[in-house]
Amino acid sequence: MPAIPAAAAAAAAAPPPSFSASAPLSSDTGYTRLDWNASGDVVVEQARKADLSDARTIYEGPNHALFLSGLGGGTYYFSLRDETGARSAPLKLTVSHQSLTQALFLTAIGFLVFIATVAVIFRGARDDQ
Amino acid sequence: MTSEAALLPAGVGWTLLAAFSVLWIGLGIYWGRRNKSFEDHALAGRNIGLALGSATAAATWITSNTTMLAPQFALQLGIWGMLAYSTAAIGLLLFAPMAGRIRKLMPNGYTSGDFFRLRYGRVAWAVFLLFTLFYSLTWLVSMAMAGGILLNTLSGIPYAWGMSVILGVCVLYTMRGGLAAVIGTDFIQSLIIIVGIVVVGVAVLSHVPVEKIHANLAAERPALLDVLFPAAIMAIFNNLLFGLGEVFHNNVWWSRAFAFREGVAGKAFALGGLIWFPIPLAAGFVALASGALNVPVPAADMVGPLVVAEVLGEAGAIGIFIIVFCSLASSIDSLLAATADLMTEDVYRRMFRPAAHPETLKKIAQWVTLGLGLFTWAVCLPRIGTLATVLFFAGPLVGAMIWPIVTGLYWRRANTTGAVGGMLLGAGIGLFFYFAIGFYVASLIATAVSMIWVLACSALSKTRFDWALLREAE
Amino acid sequence: MTFSTQFLSALVYGSLAWCAVTALGLGTLLIRDIVRGEIW
């Protein structure tokens, strides 16, 4: 086994924070959960630009996950920073909401089925004779 | 890994658990002394009044899902999500006229299985039993598991212990007290839950006004306020029909229709629906306040307790613990009782021992309750998280039963081909779309397919059912 | 198109008031049933 350089050993003792997801995330509902590994408190930043130039803090603390919801369609980038200033690789999230046409179509079918059910119940007993 | 600290010290959790356990078991034994026969045990003497009737209809429908999943739904799907959840009240409201009709057509009935057997024959009865047992057992398992997990997150009580105590307490008082104990405790539980939700809601509003919640949502989570949020509007009717199917077929509700006093059933279910309707909204909106209150949410299912603990501190955590315990108990007890009665009446009595003595049947129902409890406990013990998601498979199964039941109660020309075909086709095609598109269309498509089949068979039918056949002699 | 602040307020305050009323109603109903001897 080759000798490990001192700097690498120190880095291994306190690895920089990292997201658990290995591939970019996607969501068709506007909600998702970020999970990460870190040894202490972290700052989670959210940005809309790939270079994180418009990043802002959305969480600061000891948790290892954050639930996001209600996001509008588009691309989001997240990054982690720990107390030493070490940064994670950015994580990309793509939100593209489901088709509104399909949603409205299904809602219309649902409405029809529901109204028909109500009608049967309130018309009451038929052909009783 | 998400490991957040518990909101309450374990000692407080154990004390609360012990106090409520003693209360429920004591009441169960006290109320159980009135029961002599199977009819007393299973249907509380068919004489439940309006106050207890309305409260039990609401309380049974307030599951841990209502108090815990409503905030989660609000956080995921926003305002439409909360409203979609509230539509489940329509199941109770529509069951109100049906309950009166059921009581009139089947004065001696015991279970929803009796209806399927007498109205559509043995094949339809077998399909119904298969579907309803699948639904009831997964519901039971998912709630017992949720109980163990919630007590663990709230107070650090180990999962296996919390789950075992909740289940054990419900089994004990349901065994001893039968439906009377279930309905009596339901009344107390529903009052505790409603008052608790109001206190929590007012406390949240005193910390952050609605305007601030709205402004925070508009900035941070705009889709939650969007009137045309696709995932949320699809949930509306799917959820509504899921709820309709659950109420219309399950013996939890039919046994209550038989147990309420003459003339009470319709009013009690309508009032129960009205009592239930605002609860998902009142319990759910606290999740929308999480952003404005700066409460970080690591997992969607923890949002309710986290916001309440932030606003009310330890008192809030105690309140949530009690609300959760009451909502779990009020549903687990009802399911245990109704499923045990179904197995006693439809399986033991109708399949094997038609001449069984009423006292023997009561004993059997008690042993079946214990058996169900042990079965649920054994399934829950390994804590297989994915099991809870199996409950969503039940959506198409229950949706497919709506039309066979409704037309079977009101139309003489509704027939066996329509009922059996509707249930099997609806459930099959619904399950296919569950996997092909998603859970949010499964109940809807199952109900629609079953409706079309039932309507076609009724239109072509030459048979006319004789309602007198439903009045089976004792 | 978004839900307005007024709509959210109505929903929140309305549901809380409704819950409070039903709790009182249930209590009253129980007392009425006990007085009439119709509890079960």
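Computation of the quantities below employed the complete heavy-atom set of this structure, encompassing side-chain atoms and omitting hydrogens, waters and symmetry-equivalent molecules. Here is how names work: the chains are called A, B, and so on, in the same order as the sequence lines, proteins then strands, and each is numbered from 1. It should be emphasised that the depicted structure is a prediction, and the values quoted were computed from it without experimental measurement.
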How far apart are the C-alpha atoms of B:Leu52 and C:Trp40, what are their side-chain angles, what is the distance that settles it, and do they pass the side chain to side chain contact (heavy atoms under 4.5 Å, CB included) test?
CA-CA 8 Å; B:Leu52 293 187; C:Trp40 53 19; 3.5 Å; yes
If you tally heavy-atom pairs under 4.5 Å against chain C, which of [options] wins?
| options | value |
| --- | --- |
| B:Ile79, B:Ile213, B:Val198, B:Ile48 | B:Ile79 |
| B:Leu191, B:Leu50, B:Leu228 | B:Leu50 |
| B:Ala283, B:Ala58, B:Ala282 | B:Ala282 |
| B:Leu83, B:Leu224, B:Leu205, B:Ile197 | B:Leu205 |

What part of [X] gets closer than 4.5 Å to chain C, counting heavy atoms only: side chain, backbone, both or neither?
| X | answer |
| --- | --- |
| B:Ala180 | both |
| B:Ser190 | side chain |
| B:Leu274 | both |
| B:Ala55 | both |

Could you give the distance from CG (B:Leu217) to OG1 (C:Thr2), rounded to the nearest 0.5 Å?
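Rounded to the nearest 0.5 Å, the CG-OG1 separation comes out at 10.5 Å.
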Measure the spacing between OG1 of C:Thr22 and CD1 of B:Ile279 and express it to the nearest 0.5 Å.
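Here the interatomic distance stands at 6.5 Å.
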For the candidates C:Ile34, C:Val12, C:Ile31, which exhibits the highest count of non-hydrogen atom pairs separated by less than 4.5 Å from chain B?
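The residue among C:Ile34, C:Val12, C:Ile31 with the greatest pair count is C:Val12.
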Check for a donor-acceptor pair, side chain of C:Asp33 on one end and backbone N or O of B:Ala51 on the other, with a separation under 3.5 Å.
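Present.
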Between B:His214 and C:Phe3, is there a donor-acceptor pair closer than 3.5 Å when you use the side chain of the first and the backbone of the second?
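The answer is yes, because a donor-acceptor pair under 3.5 Å joins these two groups.
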For B:Phe277 and C:Trp18, take the angle between the two ring planes, folded into 0 to 90°, and tell me which bin it lands in: parallel under 30, tilted 30 to 60, perpendicular over 60.
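Rings of B:Phe277 and C:Trp18: tilted, as their planes differ by 30° to 60°.
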Could you check if a side-chain atom of B:Phe187 sits within less than 4.5 angstrom of a side-chain atom of C:Leu26, using non-hydrogen atoms only?
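Contact flag for B:Phe187/C:Leu26 side chains = yes.
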Contact part of C:Arg32 toward chain B, heavy-atom cut-off under 4.5 Å: side chain, backbone, both or neither?
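For C:Arg32, side-chain heavy atoms alone lie under 4.5 Å from chain B.
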For C:Ser4, is it the side chain, the backbone, both or neither that has a heavy atom under 4.5 Å from a heavy atom of chain B?
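Interface part for C:Ser4: backbone (N, CA, C, O).
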Does C:Leu8 form a side chain to side chain contact (heavy atoms under 4.5 Å, CB included) with B:Leu288? I'd like the steps, not just the answer.
CA-CA 10 Å; C:Leu8 186 61; B:Leu288 298 181; 4.3 Å; yes
Would you find more than 12 non-hydrogen atoms of other residues, nucleotides or ligands less than 6.0 Å from B:Arg221 atom CZ?
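Counting other residues, nucleotides and ligands, CZ of B:Arg221 exceeds 12 neighbours.
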Taking non-hydrogen atoms and a cut-off under 4.5 angstrom, which of residues 258-265 of chain B neighbour chain C?
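The list, in residue order, reads B:Arg261.
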